[in-house]
2 protein chains.
Amino acid sequence: MKVIERPVLKKTGYKDIKREVFNRIRKNEWPPGTLLPGEVELAAEFGCARATVNRAMQELSDDGIIDRKRKGGSRVNLAPVRQVTFEIPLVRAEVEGKGATYKYELLYNKTDIAPIWLQDQLSLSAYSRVQHLRCIHFADGKPYQYEDRWINHSVVPLASEFDFSTISPNEWLISEVPYTNAEVRFSAISAEKYVATALEVNVGDPIFRAERTTWLSDEPVTFVSLYFAKGYEMVAKY
Amino acid sequence: MKVIERPVLKKTGYKDIKREVFNRIRKNEWPPGTLLPGEVELAAEFGCARATVNRAMQELSDDGIIDRKRKGGSRVNLAPVRQVTFEIPLVRAEVEGKGATYKYELLYNKTDIAPIWLQDQLSLSAYSRVQHLRCIHFADGKPYQYEDRWINHSVVPLASEFDFSTISPNEWLISEVPYTNAEVRFSAISAEKYVATALEVNVGDPIFRAERTTWLSDEPVTFVSLYFAKGYEMVAKY
DNA sequence: AAGTGGTCTAGACCACGAC
DNA sequence: TCGTGGTCTAGACCACTTC
């Protein structure tokens with residue numbers, strides 16, 4: 001008589017523990033507020049080392065599912081802090097990712113003293129020299145995104161010499177000043193004349209706008225306003 | 001003579017390693033594309049166990065700074081995939097967090113057969129019963145967010161019995177059906193009459209809208225459109 | 001003061017994937 | 001094939017916090 005072969009029983013890894021704990025939480029076996037068993041106890045239950053349990057619980061904590069405190073133990077979060085994560089691709093990558101042809105065009109490029117509002121925005125000293133660029137990104141020949149950017153020359157002096165007629169400031173900056181900190185603000189605005197013209201929409205049409213300020217360890221690098229074409233949607237799953 | 005006390009020299013932890021490696025990358029000592037030293041080598045350099053280096057490098061990988069492959073080693077990412085993370089709080093918490101007084105009002109509440117477009121949106125079978133709610137959230141007495149929600153009764157039948165006149169469907173659902181999957185879409189739209197009236201803005205004004213579809217393991221739970229008051233901004237740092 | 005999570009170690013085995 | 005990262009272990013010490 002033939003013995004049915006079974007796949008070898010896999011050892012419980014941290015992922016298994018993470019899934020199992022999460023399931024118990026989701027099934028309300030451990031409702032919000034519950035004090036979970038300690039790491040030692042869980043390790044005993046799952047028959048593994050404490051370090052393995054620790055990793056699983058750490059990740060659940062990172063994911064905002066549970067809250068951990070020394071001595072206090074781990075508790076199921078009362079108000080799960082849902083967080084959405086968006087990837088911020090290069091415009092070019094975004095356009096090409098949709099299967100469209102990307103085109104870029106420089107509209108304006110001038111270096112001068114920073115206007116007052118920008119000094120405020122970037123905490124610049126008076127008379128700082130900044131480069132002002134305006135450009136537009138196309139998808140299949142149609143305007144996709146209008147970009148209005150200011151670059152701080154005291155941090156990125158090389159910008160003055162670079163030819164932005166073929167490479168967009170976005171792309172150049174990423175290669176030149178990688179790993180910056182940034183703040184983004186998304187909002188809905190009404191298209192004013194200049195933007196409306198560039199994006200080929202009517203004045204007053206609703207526009208999805210992203211404003212981003214970027215620093216290289218406390219030094220302001222650039223401020224950019226991105227105006228998206230009509231119908232643009234920013235999507236995320238979580 | 002008094003001896004200056006120094007803090008005891010701390011051992012190098014995974015955070016130190018992470019910071020150090022990141023600094024070398026940022027200083028272009030290890031430019032994008034560089035093949036980094038292996039974990040064993042780094043462990044030797046930092047005088048610690050491989051596991052410690054491993055944790056540091058894992059996090060750098062999670063952060064999108066480096067790319068790791070078995071046998072291939074770790075490389076500095078060419079195109080750093082920047083990602084922004086937003087927290088999605090309860091409206092109430094959001095309003096109160098701004099120091100404003102929160103108020104909620106139910107405008108509409110009716111249960112019926114799902115309209116065709118919703119059947120599509122949620123992959124519902126025909127004749128599914130859904131509850132349609134409209135409500136508005138105030139901050140200091142001013143309209144803050146208008147909510148238009150549909151709840152799938154076959155997943156959350158209890159919704160039909162619940163009194164939404166004081167507790168918003170948002171809050172009730174989170175307590176009732178926690179840890180769901182969701183997809184959000186943000187866009188800028190033009191206020192049509194009904195929304196404009198509710199938010200006390202002019203018809204045609206630009207509105208920041210979030211649409212969210214929620215599932216409880218493949219079962220569609222709810223679809224909601226959130227319309228934010230004029231001037232609303234969604235902010236994130238990264 | 002004591003219990004819980006945070007972190008490190010030294011060693012081990014495994015699995016992927018470049019060669 | 002075989003080097004690299006992925007993961008686990010058993011034990012240890014430490015630091016934070018609540019009691």
Side-chain angles (χ1 to χ4, degrees), chain A residues 5-22 24-25 30 32-78 80-81, chain B residues 5-22 24-25 30 32-78 80-81:
Chain A
E5 295 257 357
R6 296 200 188 191
V8 185
L9 191 59
K10 266 172 64 183
K11 217 194 294 187
T12 49
Y14 76 96
K15 285 178 180 169
D16 301 303
I17 299 177
K18 187 180 172 185
R19 194 177 338 106
E20 175 60 21
V21 170
F22 182 62
R24 292 186 190 171
I25 290 174
W30 286 334
T34 307
L35 178 63
L36 303 182
E39 296 192 347
V40 189
E41 197 175 331
L42 285 173
E45 183 197 330
F46 290 110
C48 65
R50 182 169 79 96
T52 307
V53 174
N54 182 272
R55 180 153 183 197
M57 300 299 271
Q58 286 253 327
E59 292 205 355
L60 286 171
S61 173
D62 289 343
D63 295 349
I65 311 288
I66 66 176
D67 197 32
R68 320 191 78 202
K69 271 182 196 149
R70 284 164 148 135
K71 168 74 180 176
S74 303
R75 283 181 185 282
V76 180
N77 250 323
L78 284 170
V81 180
Chain B
E5 297 256 355
R6 298 198 187 192
V8 185
L9 191 60
K10 267 174 60 184
K11 216 193 293 184
T12 50
Y14 78 97
K15 284 177 180 168
D16 301 302
I17 299 178
K18 187 180 172 185
R19 195 180 334 110
E20 175 59 21
V21 170
F22 181 61
R24 291 187 191 170
I25 290 173
W30 286 333
T34 307
L35 178 63
L36 303 182
E39 296 192 348
V40 188
E41 198 175 330
L42 286 174
E45 184 198 330
F46 290 109
C48 65
R50 181 167 82 94
T52 308
V53 173
N54 183 273
R55 178 151 183 199
M57 301 299 271
Q58 286 253 331
E59 292 206 355
L60 285 170
S61 174
D62 289 343
D63 294 349
I65 311 289
I66 65 175
D67 198 31
R68 321 189 77 202
K69 270 181 196 150
R70 284 167 150 134
K71 167 74 180 176
S74 303
R75 284 181 186 281
V76 181
N77 249 324
L78 287 169
V81 179

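Chain letters run A, B, ... following the sequence lines, proteins first and then strands; every chain starts at 1.
- Taking atom CG on B:Leu36 and atom C1' on D:dG3, their separation rounds to 16 Å, with Å as the unit.
- Note: CG (B:Asp67) to P (C:dC16) measures 17 Å, nearest angstrom.
- Applying the 4.0 Å criterion to OP1 and OP2 of C:dT7, one finds that B:Lys15 has a side-chain N or O inside that range.
- Among the protein residues, A:Gly72 comes within range of no part of the nucleic acid, since none of its heavy atoms lies under 4.0 Å from any strand.
- The pair B:Glu39-B:Arg70 does not meet the salt-bridge criterion, since no charged nitrogen lies less than 4.0 angstrom from a carboxylate oxygen.
- In this entry the distance linking CZ of B:Arg75 with C1' of D:dG5 reads 14 Å, nearest Å.
- The nearest whole Å value for the distance from the CG atom in A:Leu42 to the P atom in C:dG6 is 13 Å.
- Taking 4.0 angstrom as the limit, A:Arg68 places a side-chain polar atom (N or O) nearer than this to OP1 or OP2 of C:dG6.
- Summarising the geometry, atom CD belonging to B:Glu59 is positioned 11.5 Å from atom CD1 belonging to B:Ile17; distances are rounded to the nearest 0.5 Å.
- Atoms CD (B:Glu59) and P (D:dT7) sit 14 Å apart, rounded to a whole Å.
- Using a 4.0 Å heavy-atom cutoff across all strands shown, B:Arg55 reaches sugar-phosphate atoms only and no base atom.
- The only member of B:Ile66, B:Leu35, B:Leu36 that meets side chain to side chain contact (heavy atoms under 4.5 Å, CB included) when paired with B:Trp30 is B:Leu36.
- The shortest distance between the side-chain N/O atoms of B:Ser74 and the OP1/OP2 oxygens of D:dG5 is below 4.0 Å.
- Side-chain contact between B:Met57 and B:Val53 is present, with heavy atoms from C-beta onward closer than 4.5 Å.
- Side-chain nitrogen and oxygen atoms of B:Arg70 include none within less than 4.0 Å of the OP1 or OP2 phosphate oxygen of C:dA18.
- For C:dT9, one of the phosphate oxygens OP1 or OP2 lies less than 4.0 angstrom from a side-chain nitrogen or oxygen of B:Thr52.
- For the pair A:Arg50 CZ and D:dG11 C1', the computed distance is 10 Å after rounding to whole Å.
- One finds no side-chain N or O of A:Asn54 lying less than 4.0 angstrom from the OP1 or OP2 phosphate oxygen of C:dT7.
- Atom pair B:Glu39:CD and D:dT7:P shows a separation of 11 Å (rounding to whole Å applied).
- A close approach under 4.0 Å does not occur between any side-chain nitrogen or oxygen of A:Gln58 and OP1 or OP2 of C:dG5.
- One interatomic measurement links the two molecules: NZ of A:Lys69 to P of C:dG5, which rounds to 13 Å at whole-angstrom precision.
- DNA chain D is contacted by both B:Lys71 and A:Lys71; B:Lys71 maps to the nucleotide lying nearer its 5′ end (nearest heavy atom per residue).
- Contact annotation: B:Tyr14 does not reach the phosphate of C:dC8 (side-chain N/O to OP1 or OP2, under 4.0 Å).
- A side-chain donor from one of A:Ser74 and A:Arg68 sits under 3.5 Å from a side-chain acceptor of the other.
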